[in-house]
There are 2 protein chains.
Amino acid sequence: MGELDETDRRILELLAADARRPYSDIADEVGLSAPAVSDRVTALEESGVVERFTVDLDRSQLREGAHVLVTLSVPPGNVDDVRAAVEGADAVEHVFVTADGDVLCTARLAAADVRAWVTDTVGTDAITDFDVTLLAASAWRPSVGGAEFAMACDECGNTVTSEGETARVGGDRYHFCCSSCEAAFRERYERHDAEA
Amino acid sequence: MGELDETDRRILELLAADARRPYSDIADEVGLSAPAVSDRVTALEESGVVERFTVDLDRSQLREGAHVLVTLSVPPGNVDDVRAAVEGADAVEHVFVTADGDVLCTARLAAADVRAWVTDTVGTDAITDFDVTLLAASAWRPSVGGAEFAMACDECGNTVTSEGETARVGGDRYHFCCSSCEAAFRERYERHDAEA
DNA sequence: AATGAAAGGATTAAGCC
DNA sequence: GGCTTAATCCTTTCATT
């Protein structure tokens with residue numbers, strides 16, 4: 001998929017607000033026909049921009065356990081293993097891996113049981129330390145991001161034009177308006193990495 | 001809505017995997033007719049268990065900025081204000097409020113700009129400190145939770161029967177199999193609160 | 001990307017247990 | 001109350017331009 005145009009963004013925004021909204025409805029909003037919207041959504045799915053259509057649940061009504069944030073300190077070599085273990089665990093909702101290799105996750109657990117859960121899930125050998133925080137609230141906003149963020153340089157925030165570049169840093173795509181921003185970003189990333 | 005039965009859970013799980021899946025398809029899976037599924041989904045929406053149908057996007061393909069985790073240290077009185085400010089901010093994806101009153105959020109920002117973003121969004125007066133971590137990866141699993149978590153006591157993990165109780169602790173609903181578990185949980189919560 | 005026809009899904013209403 | 005079936009209406013898909 002080359003570039004997302006303004007219409008793609010509006011379609012994504014409408015789907016983020018209501019993923020079951022008929023394409024014919026969306027077509028009216030964006031000034032296209034229903035088949036045209038359907039084609040664009042298919043393309044967005046195939047390119048991986050759309051990962052899945054899903055449902056946002058109020059999990060506090062599901063009696064699934066207390067909501068906790070678990071911070072795992074992980075030695076550099078174990079990050080991928082720990083991440084995989086956590087992502088495969090049943091009670092886990094979110095997983096974040098920081099640039100310096102810590103793994104954070106949120107999960108629904110019995111609060112008295114977290115130590116056992118960590119031991120069972122990742123094992124104590126794979127991590128150097130862990131910390132658990134009880135969460136009182138959480139929210140998730142499926143926004144697409146305003147146009148002002150559409151092409152912002154990941155270093156300086158200026159608009160990325162066709163002169164800009166996209167580069168991989170630590171396995172993830174980032175976008176820069178110029179090569180000096182890329183260099184500055186990369187240096188910061190590597191410094192973080194070295195400290196870890 | 002009284003109780004979610006096993007069928008409701010399976011419907012939610014199927015919708016979490018594909019929110020655009022036809023109700024007639026789902027009906028086949030769970031052994032009901034399409035109107036019956038539609039009625040259940042409507043009830044789930046009305047009771048607030050289903051907050052919205054939405055789309056999970058690969059935001060790294062949207063050129064929306066670097067993914068950062070911002071941890072805000074917030075004085076007790078300001079938690080609600082800071083939370084509201086962060087939840088209203090355009091670049092924010094997730095917001096977590098810990099039981100001891102810190103506010104964490106993930107956002108897509110230009111990495112060089114985070115200080116300015118925090119100042120603009122929450123103001124420096126409302127917080128005592130903040131910390132920014134670059135995120136290398138993140139994942140979100142819209143799972144409904146297995147039956148084993150369906151009625152787990154939030155303190156001990158045992159099954160909550162009809163003898164159990166639901167109580168509010170710090171504004172959130174929790175479920176307990178007995179009153180001593182509730183007391184233990186509440187005491188832990190209040191100790192955390194006092195330390196903050 | 002639009003159109004129109006055909007196929008498929010959602011919703012309604014009536015009736016059952 | 002919650003379910004089913006059948007009819008209607010709406011949405012999606014496909015072939016064509």
Side-chain angles (χ1 to χ4, degrees), chain A residues 1-58 61-63 142 144 147 150-151 162, chain B residues 1-58 61-63 142 144-145 147 150-151 160-162 164 166 175:
Chain A
M1 174 141 234
E3 270 306 308
L4 300 196
D5 64 14
E6 196 47 41
T7 304
D8 288 319
R9 267 172 205 284
R10 285 177 64 199
I11 290 172
L12 290 176
E13 217 146 321
L14 293 167
L15 287 172
D18 180 6
R20 280 193 82 90
R21 190 163 182 188
Y23 290 162
S24 51
D25 248 50
I26 294 174
D28 287 347
E29 290 273 345
V30 303
L32 289 177
S33 65
V37 172
S38 171
D39 287 351
R40 277 171 182 259
V41 172
T42 304
L44 288 164
E45 288 184 79
E46 276 166 4
S47 72
V49 174
V50 169
E51 297 194 336
R52 55 154 96 71
F53 295 105
T54 188
V55 60
D56 190 15
L57 301 171
D58 179 358
Q61 293 198 33
L62 288 179
R63 303 200 162 189
V144 176
M151 306 237 194
S162 53
Chain B
M1 172 142 236
E3 271 306 309
L4 299 196
D5 64 14
E6 195 47 42
T7 305
D8 287 320
R9 271 174 201 284
R10 286 176 64 201
I11 291 172
L12 290 176
E13 216 147 321
L14 294 167
L15 286 173
D18 179 6
R20 283 193 79 93
R21 189 163 183 187
Y23 288 162
S24 49
D25 248 50
I26 295 174
D28 287 347
E29 290 275 344
V30 304
L32 288 178
S33 64
V37 172
S38 172
D39 285 353
R40 278 171 181 260
V41 173
T42 303
L44 288 164
E45 288 185 78
E46 276 166 5
S47 72
V49 173
V50 169
E51 296 193 336
R52 53 152 96 73
F53 296 105
T54 188
V55 60
D56 191 13
L57 300 172
D58 178 358
Q61 293 198 33
L62 287 179
R63 302 201 163 190
V144 177
M151 307 236 194
V160 176
T161 66
S162 54
T166 297
H175 310 278

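Computed from a prediction, not measured in an experiment: that's the story for all the values here. To find a chain, count down the sequence lines: A is the first, B the second, and so on, and within it residues start at 1.
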(request) Give a yes/no on whether any side-chain N or O of Ser33(A) is located under 4.0 angstrom from OP1 or OP2 of dA1(C). (result) no
(request) Could you tell me whether a side-chain N or O of Ser38(B) sits under 3.5 Å from a main-chain N or O of Ala34(B), the two making a donor and an acceptor? (result) no
(message) Under a 3.5 Å distance rule, please check whether Asp28(A) uses its side chain to pair with a backbone N or O of Asp25(A) as donor and acceptor.
(response) no
(message) Quick check for you: name the first and last nucleotides of DNA chain D, 5' to 3', having an atom under 4.0 Å from a heavy atom of chain B.
(response) dC3(D) to dT12(D)
(message) Just to verify, which of Asp56(B), Leu15(B), Thr54(B), Asp18(B) counts as forming a side chain to side chain contact (heavy atoms under 4.5 Å, CB included) with Phe53(A)?
(response) Asp18(B)
Can you confirm whether [X] sits close enough to [Y] that some side-chain heavy atom of one is under 4.5 Å from a side-chain heavy atom of the other?
{"X": "Val30(A)", "Y": "Glu13(A)", "result": "no"}
{"X": "Val37(B)", "Y": "Glu29(B)", "result": "no"}
{"X": "Val41(A)", "Y": "Val50(A)", "result": "no"}

(message) Distance check needed: dT11(C) C1' versus Leu32(B) CG, whole Å only.
(response) 16 Å
(request) Using the ring of Tyr23(B) (Phe, Tyr or Trp, six-membered ring only), decide whether Arg20(A) places NZ or CZ under 6.0 Å from its centre and within 45 degrees of its axis. (result) yes
(message) Can you tell me which nucleotide in dT11(C), dA2(C), dT3(C) comes closest to the side chain of Pro35(A)?
(response) dT3(C)
(message) Would you compute the distance between atom CG of Leu4(B) and atom CZ of Arg10(B) and round it to the nearest 0.5 angstrom?
(response) 14.5 Å
(message) For DNA chain C, which residues of residues 21-31 of chain B approach it to below 4.0 angstrom with any heavy atom?
(response) Pro22(B), Tyr23(B), Ser24(B)
(message) How bent is the helix from dA1(C)-dT17(D) to dC17(C)-dG1(D), measuring the angle between the end axes built from five pairs each, rounded to 10°?
(response) 30°
